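Just so you know, ligand 1 is whichever comes first in the structure, and atom 1 is the first atom listed for that ligand. Along the sequence shown, the residues carry numbers beginning at 1. This structure is a prediction, so every number in the text was calculated from the model and none was measured.
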Amino acid sequence: MPISDSMPAAAPRHTAVVGLQWGDEGKGKLVDILASDHDFIVRYNGGANAGHTVVVGDERYALHLVPSGILVPGCTCVVANGVVIDPAKILEEIDGLRARNIEVGDNLRISSRAHVVMPYHQALDGALEEFLAGRSGSGAIGTTRRGIGPAYADKVQRSTAIRVNDLLRPKVLEQKLDLICPLREAQLRSLGVPLDDAKVDAAQMLDHALTLGERLSPHVCDTTWLLHDALAADQRILFEGANACLLDVDHGTYPFVTSSNCSTLGIPAGTGVPLGHIDRVLGIMKAYSTRVGGGPFPTELDNAVGDRIREKGREFGTTTGRPRRCGWLDLVAVRYTAMVCGVTGIACTLFDVLGGLDEVQLCIGYRLPDGTVTDRFPADAFDLDTVEPVYETMPGWEDPQDRPTDRDSLPDAARAYLDRVEAFVGVPIEIVGIGPERSEVLVAS
Ligand code: GDP
Ligand code: IMO
Ligand code: MG
């Protein structure tokens, strides 16, 4: 049954789906579920650092740049201007989907304004990480090494950036690469990277980029006008957040963040759709916490419970395969991200993973070095690193024998956990995830 059938009569027209933790909350699954209620599915930030998993029956799809609505016939998927696009990666993804008989044609539109991730961006990303790890031990961010930071840095720097439109203009691209390649070569040499000409030779780079641009060209358009035409035609839009609010470059655990505005605040700049159009913001929150890469994580469980959550939740990165760090649900963090993102409802995913524990803990405050307790999330990683979590302990529950059909059919202790989360965050839980498959959700009536 489509979720729209169980929603109130005046269903919201434009929806944002956003991660409320450090990523991998199950955004891809929720976008896939909600896609059938929308005409356009729009990615507004990030790049191939994202890994969104959608499970349909026995089939598992890992999407990185292509929006997770691509599996739903009739949806137009848009990669908008705020995304940084690795042309080789998105073409590989398109080929992979087509090989599995998923239609990818006019239903995928790519912004001509989006910025391009080039091979030297990836080389720089890796080289900077090595440099930082070697210098300070813990200074490295633990990036996905997909070139995200260097590509956004070029975007802001301006004169050394390449946009998707440039891939379709050989003369402009040639001039840009003649300027950029020697700069990148010098930079990579200074970082001691063994140089592979394919990454910094302007002529080779031009050939490579033009070939990829030609293949992408049928999908490229001005997505700002496309989306405004859709709004004028009263079509429904779903904005798909990548990464998550605690990784937002302005509002996350800086500097251990990614390089874009992954919160809903990134939507206007990343799409050209102005503020005020979105009437539903669904915050995706795992029933516990995970984090990949470096940075403080107050509720991290470096013990058998953490290992158990990792195994049961299959907490290994969709993009890099790295084991995810696991911990208890941090309500201080989630209340903050729900506030920053303007969340109207929560989807609590991976709830099934908590079943079978004797007791569960919820972080409801942070003890500061001076002994006082706060429920306000701090401004950066250095402050977050100094806090001790204050927990509320609740009884655990067994995995139900029969698959639950609604929230009321969950064990008492499980319902009490969800009630406590709602009360603390101040936002209703509209959807509960009880398994990876598309149909494995409980929807509030
Ligand atoms: P995203 O990046 O936010 O889209 O999340 P990922 O796809 O990287 O990670 C979420 C993982 O949890 C994926 O393997 C999903 O298939 C899986 N998943 C999503 N919802 C549920 C759920 O409710 N229960 C379980 N067990 N797995 C889920
Ligand atoms: P989805 O969309 C989890 C993390 C990286 C690293 C930091 C910076 O699947 O939720 P970057 O390569 O972006 O410069 O890395 O951000 N990170 C993610 N962690 N899920 C993601 O995306 C992530 N995207 C970036 O692990 O710590
Ligand atoms: Mg992911």
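- By heavy-atom distance, the residue among Glu315, Lys29, Lys312, Arg324 lying nearest atom 11 (C) of ligand 1 is Arg324.
- Contact analysis leaves Gly313 out of contact with ligand 1, as no non-hydrogen atom separation drops below 4.0 angstrom.
- Contact record, Arg438 with Ile33: O-CD1, 3.4 Å, taken as the closest heavy-atom pair.
- Contact detail for Leu216 and Leu91: the closest heavy-atom pair is CD2-CD2, 3.8 Å.
- A side-chain N or O of Gln157 and one of Thr160 form a donor-acceptor pair less than 3.5 Å apart.
- Ligand 2 lies within reach of Lys27, whose nearest heavy atom is under 4.0 Å from it.
- Within the 4.0 Å heavy-atom cutoff, Gly51 counts among the residues contacting ligand 1.
- Checked against a 3.5 angstrom limit, the closest N/O atoms of His52 and ligand 2 fall inside it.
- For Glu440, the heavy-atom gap to ligand 1 stays at 4.0 angstrom or more.
- For the pair Lys286 and ligand 1, no heavy-atom separation below 4.0 Å is found.
- The ligand atoms of ligand 2 that sit less than 4.0 angstrom from a heavy atom of Asp24 are 1 (P), 3 (C), 9 (O), 10 (O), 20 (N).
- Among the atoms of Gly26, some N or O lies under 3.5 angstrom from an N or O of ligand 1.
- The protein heavy-atom contact nearest to atom 15 (C) of ligand 1 is Thr53 CB, 4.0 Å.
- Looking at Asp24 and the Mg ion (ligand 3) together, the shortest N, O or S contact belongs to OD1.
- Interface of Ile434 with ligand 1, defined as ligand atoms under 4.0 Å from a residue heavy atom, comprises 23 (O).
- Residue contacts with ligand 2, taken as heavy atom pairs separated by less than 4.0 Å, involve Arg322 solely via side-chain atoms from C-beta onward.
- For a threshold of 3.5 Å applied to N or O pairs, the pair formed by Val292 and ligand 2 contains at least one separation below that value.
- Close N/O approach between Asn49 and ligand 2 is found [any backbone or side-chain N/O within under 3.5 Å].
- Backbone and side-chain nitrogen or oxygen atoms of Asn243 are examined, and one is located within less than 3.5 angstrom of a nitrogen or oxygen of ligand 2.
- Pro389 has its side chain out of reach of Trp328: every pair of non-hydrogen atoms, C-beta onward, lies at least 4.5 Å apart.
- Of all the heavy atoms of Asp352, the ones lying under 4.0 Å from any atom of ligand 1 belong exclusively to the side chain.
- Not a single N, O or S atom of Gly23, from either the backbone or the side chain, sits less than 2.8 Å from the Mg ion (ligand 3).
- Considering backbone and side-chain atoms together, Val257 places no N or O closer than 3.5 Å to any N or O of ligand 2.
- When each of Arg280, His38, Glu240, Arg236 is paired with Thr15, the side-chain hydrogen bond (donor to acceptor under 3.5 Å, both in side chains) condition holds for His38 and for no other.
- Residue Gly433 approaches ligand 1 through these ligand atoms, each under 4.0 Å from one of its heavy atoms: 23 (O).
- A 4.5 Å side-chain heavy-atom check between Val257 and Ile141 finds every atom pair outside the cut-off.
- Looking only at heavy atoms of the protein, atom 19 (N) of ligand 2 is closest to Trp22 O, 3.6 Å.
- Ring pair Phe377/Tyr336 is parallel by interplanar angle, where below 30° counts as parallel and above 60° as perpendicular.
- Distances shorter than 4.0 angstrom occur between a heavy atom of Gly142 and an atom of ligand 2.
- Atoms of ligand 2 found under 4.0 Å from any heavy atom of Gly293 (numbered from 1 in listed order, with element): 27 (O).
- Within the listing of ligand 1, atoms 4 (O) sit less than 4.0 angstrom from a heavy atom of Gly28.
- In terms of N/O distances under 3.5 Å, ligand 1 is not approached by Gly23.
- Summary of contacts: the protein heavy atom closest to atom 27 (N) of ligand 1 is Leu350 CD2, 3.4 Å.
- In this structure, atom 10 (C) of ligand 1 lies nearest to the protein heavy atom Asp24 O, 3.6 Å.
- Each of the atoms 2 (O) of ligand 2 lies under 4.0 Å from some heavy atom of Ala242.
- Residue pairs meeting the ring-ring contact (aromatic ring centres under 6.0 Å, His included) criterion with at least one member in residues 293-322, sequence neighbours excluded: Trp22-Phe297.
- Within the 4.5 Å cutoff, the side chain of Arg420 has heavy atoms near those of the Glu392 side chain.
- For Gly51, the closest heavy-atom approach to ligand 2 falls below 4.0 Å.
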Could you give me the CA-CA distance, side-chain angles and deciding distance for Glu315 and Leu350, then say whether side chain to side chain contact (heavy atoms under 4.5 Å, CB included) is met? CA-CA 11 Å; Glu315 294 293 358; Leu350 292 116; 3.9 Å; yes
